[in-house]
**Student:** 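Before anything else, here's the structure in question.
Sequence positions, counted from 1, serve as the residue numbers for this chain. In what follows, every heavy atom counts, from backbone to side chain, and hydrogens, waters and symmetry copies are set aside.
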Amino acid sequence: MKYMKLGSKPDLFQTDGDNVRYVASELPTDVIINVGEVKFYLHKFPLLSKSNWLQKMVFKTNEGSNNEIEIKDFPGGPKTFEICAKFCYGMIVTLSAYNVVAARCAAEYLEMTEDVDKGNLIYKIEVFLNSSVFRSWKDSIIVLQTTKSLLPWSEELKVIGRCIDSIASKTSVDPSNVNWSYTYNKRMASSDQIVEDAMRQQQKMVPKDWWIEDICELDIDLYKRVMVAIKSKGRMSGDVIGEALKAYALRWLPNAMESLTSDEYVIRNRTLVETIVWLLPSEKGAGCSCSFLLKLLKVVILVGVGDALREELVNRIALQLDEALVNDLLIPASSPDNTVYDVCLVQSIVDRFFMQEQDSQDLDYVGKDDKESEHLTRQRSVLTVGKLIDCYLAEVSRDVNLPLSSFIDLSRMIPKQHDQFMMGCTGQLTCT
């Protein structure tokens, strides 16, 4: 992590109880600044030499014969104001990825600009951000995580946008040049030691998805913006994008149905799954297995996502239905249905699979060298789906509330022209 030290004088700030801060000095204090519940007993001159905002406020208090200033909604609160005050006094302060955004927002609030004093706090922080923080993968992520509690300041100062651009740019760097992923680097350690030769060897083998776990700690709104930026660069394959979304879903979506639908988390889970589906790569099967898509569909149904997003997911699943397992298709029925599983939904997915299969055949009218191979691939796909339907029907048939018509309708969905082919091969297959 990068650090920047400012000032050279010793720290003379003292505490009197929980809510009083003052500077140990022979000179009496002549201004009181209230930040939240904390009172700062300070001296006007060092503060006014750096802050245009405090100059104006002190002028107003002098007119009213008052030496007390109230600051409400100060970015970063009393702790960050103390950093700014120490800078004004020339005392040593240390900035890092954890506090630099708060200090930047606070300096903007206090108008600590170059017009007031050369080499003022805003200028120094901007140098630190651009020359160190945004060049570091780890620091960029930490800084981005701190920005949420500092809205709208961090947005208006474009700190969020610059962080996102820094992160997105680094994900598309040649993996052979990567040495900044703190999650990935932690895995290089054996016990508490890192052998340099082993580290060099590991760095040569950095995978394309080295960055995925690192950004999984971001809240969904920031994660979405980072992923949009990564996709907009146009350098990341759909497979890696899909893997990233899967990792994020596994990190944040609970497995228990009670947690998914609880009042405390249902809104968060709805936003999360909507975002993941919206970010899915357009390429068929790109990093997203049919099993994963079906799990998303179950969550979509449970948390009440809109019909449009649900239809989008159903269409994607239909494209990859030949990869599904029976357990993936056991989607619980929703009220008012009294069946155990949503057979109608599965029927809709199967129907779309065969419609897409037929559309592909209709478009395949131009001669191709591999036309026969393509035909066999499609036959295998249909065979696999046929086997899947057989096994699915064997499972749902145990439900006494399942209408016979639903059972028959689904069993008849396989095109008749494939029946003989399937019957000749079914004996070689077993349900999974």
Side-chain angles (χ1 to χ4, degrees), residues 2-9 11-13 21 23 29-36 38 40-63 67-135 139-140 143-144 146-166:
K2 306 293 185 181
Y3 296 91
M4 180 173 73
K5 283 192 175 182
L6 301 174
S8 57
K9 298 177 182 178
D11 183 355
L12 299 178
F13 268 70
R21 300 286 282 154
V23 177
T29 58
D30 52 7
V31 64
I32 302 171
I33 301 178
N34 299 309
V35 184
V38 179
F40 289 87
Y41 292 82
L42 304 172
H43 304 86
K44 291 179 181 178
F45 173 72
L47 300 178
L48 305 192
S49 68
K50 302 288 186 183
S51 170
N52 187 51
W53 187 86
L54 286 174
Q55 287 180 16
K56 292 182 285 187
M57 294 305 295
V58 167
F59 179 77
K60 288 182 179 180
T61 57
N62 288 341
E63 286 184 333
N67 68 340
E68 198 159 341
I69 298 172
E70 290 280 345
I71 303 181
K72 297 181 179 179
D73 301 323
F74 188 78
K79 185 181 293 186
T80 307
F81 178 80
E82 187 172 322
I83 290 175
C84 296
K86 287 178 180 178
F87 175 81
C88 294
Y89 278 90
M91 298 177 189
I92 296 174
V93 293
T94 302
L95 296 180
S96 70
Y98 288 103
N99 63 8
V100 67
V101 179
R104 175 64 182 89
C105 297
E108 188 74 18
Y109 185 105
L110 295 173
E111 300 175 21
M112 301 177 75
T113 64
E114 294 299 282
D115 295 337
V116 183
D117 187 53
K118 293 296 181 183
N120 213 340
L121 187 55
I122 289 177
Y123 171 78
K124 290 186 180 296
I125 291 176
E126 284 296 326
V127 170
F128 179 51
L129 286 171
N130 294 321
S131 64
S132 297
V133 173
F134 295 142
R135 293 187 178 186
D139 288 354
S140 294
V143 164
L144 185 57
T146 68
T147 58
K148 194 163 186 179
S149 63
L150 294 161
L151 293 170
W153 292 91
S154 55
E155 190 76 76
E156 293 171 357
L157 295 173
K158 303 186 186 305
V159 177
I160 295 178
R162 287 185 284 169
C163 274
I164 290 172
D165 186 65
S166 169

**Student:** Suppose we screen for side chain to side chain contact (heavy atoms under 4.5 Å, CB included). Which residues come up paired with E156, at least two apart in sequence or across chains?
**Tutor:**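 E156: side chain to side chain contact (heavy atoms under 4.5 Å, CB included) contacts with P152.
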
**Student:** Would a distance-only check, ignoring hydrogens and angles, find a side-chain to backbone donor-acceptor pair under 3.5 Å from S154 to T147?
**Tutor:**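 Side chain of S154 to backbone of T147: a pair is present.
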
**Student:** Let me see the working for V116 and Q55 under side-chain contact (heavy atoms from CB on, under 4.5 Å), right down to the final yes or no.
**Tutor:** CA-CA 10 Å; V116 183; Q55 287 180 16; 3.7 Å; yes

**Student:** Donor-acceptor pairs under 3.5 Å, side chain of residues 88-97 to any protein atom, not counting sequence neighbours: which ones?
**Tutor:**
| unit_1 | atom_1 | unit_2 | atom_2 | d |
| --- | --- | --- | --- | --- |
| Y89 | OH | H43 | N | 2.8 |
| Y89 | OH | H43 | ND1 | 2.8 |
| S96 | OG | Y98 | N | 3.3 |

**Student:** How many angstroms lie between atom NZ of K79 and atom CZ of R21, to the nearest 0.5 angstrom?
**Tutor:**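 The CZ atom of R21 is 11.0 Å from NZ of K79, to the nearest 0.5 Å.
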
**Student:** Quick check: do D139 and V100 have side-chain heavy atoms less than 4.5 Å from each other?
**Tutor:**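 When only atoms from C-beta onward are counted, V100 and D139 do not touch, as no gap falls below 4.5 Å.
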
**Student:** Could you check whether atom NZ of K2 has more than 12 heavy atoms from other residues, nucleotides or ligands sitting under 6.0 Å from it?
**Tutor:**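 Result for NZ/K2: open.
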
**Student:** Would you say L144 and I164 make side-chain contact, with heavy atoms under 4.5 Å?
**Tutor:**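 Side-chain contact under 4.5 Å: yes.
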
**Student:** Kindly indicate, with the supporting measurements, whether the criterion side-chain contact (heavy atoms from CB on, under 4.5 Å) is fulfilled by V159 and L150.
**Tutor:** CA-CA 10 Å; V159 177; L150 294 161; over 6 Å; no

**Student:** Does K50 offer a backbone N or O that forms a donor-acceptor pair with the side chain of N120 under 3.5 Å?
**Tutor:**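 At least one qualifying donor-acceptor pair exists.
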
**Student:** Could you work out, with side chain to side chain contact (heavy atoms under 4.5 Å, CB included) as the rule, every residue matching A85, not counting sequence neighbours?
**Tutor:**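 If we apply the side chain to side chain contact (heavy atoms under 4.5 Å, CB included) test to A85, skipping adjacent residues, the hits are F13, L42, L47, F81.
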
**Student:** Is the shortest side-chain heavy-atom distance between V58 and L48 below 4.5 Å?
**Tutor:**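 They are in contact (side-chain heavy atoms under 4.5 Å apart), so the answer is yes.
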
**Student:** Report the residues that fulfil ring pair (Phe, Tyr, Trp, His ring centres under 6.0 Å) with F87, sequence neighbours left out, ordered by chain and then residue number.
**Tutor:**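 With neighbours one apart ignored, the set is empty.
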
**Student:** Rounded to the nearest 0.5 Å, what's the gap from OG1 on T113 to CH2 on W53? Could you check?
**Tutor:**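 Taking OG1 in T113 and CH2 in W53, the distance rounds to 14.5 Å.
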
**Student:** Any pair with a residue in residues 85-114 that passes salt bridge (Lys or Arg N to Asp or Glu O under 4.0 Å), sequence neighbours left out, goes on the list, sorted by first then second residue, please.
**Tutor:**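 Only D11-K86, K56-E111, E82-K86, R104-E108, R104-E126 qualify under salt bridge (Lys or Arg N to Asp or Glu O under 4.0 Å).
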
**Student:** To the nearest 0.5 Å, what is the distance between CD1 on I125 and CG on N130?
**Tutor:**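 If I round to the nearest 0.5 Å, the distance is 12.0 Å.
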
**Student:** Applying side chain to side chain contact (heavy atoms under 4.5 Å, CB included), name anything that partners S140, two or more places apart in sequence or on another chain.
**Tutor:**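 For S140 the side chain to side chain contact (heavy atoms under 4.5 Å, CB included) partners, ignoring immediate neighbours, are F134, S166, I167.
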
**Student:** Does any non-hydrogen side-chain atom of F74 lie less than 4.5 Å from one of L110?
**Tutor:**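 Of all side-chain heavy-atom pairs linking F74 with L110, at least one is under 4.5 Å.
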
**Student:** Is any side-chain heavy atom of M112 closer than 4.5 Å to a side-chain heavy atom of C84?
**Tutor:**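 SC-SC contact between M112 and C84 confirmed.
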
**Student:** Between D117 and S49, is any pair of side-chain heavy atoms under 4.5 Å apart?
**Tutor:**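 D117 vs S49: side chains apart.
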
**Student:** Are any non-hydrogen side-chain atoms of P75 and T80 less than 4.5 angstrom apart?
**Tutor:**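 No. Closest side-chain heavy atoms not under 4.5 Å.
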
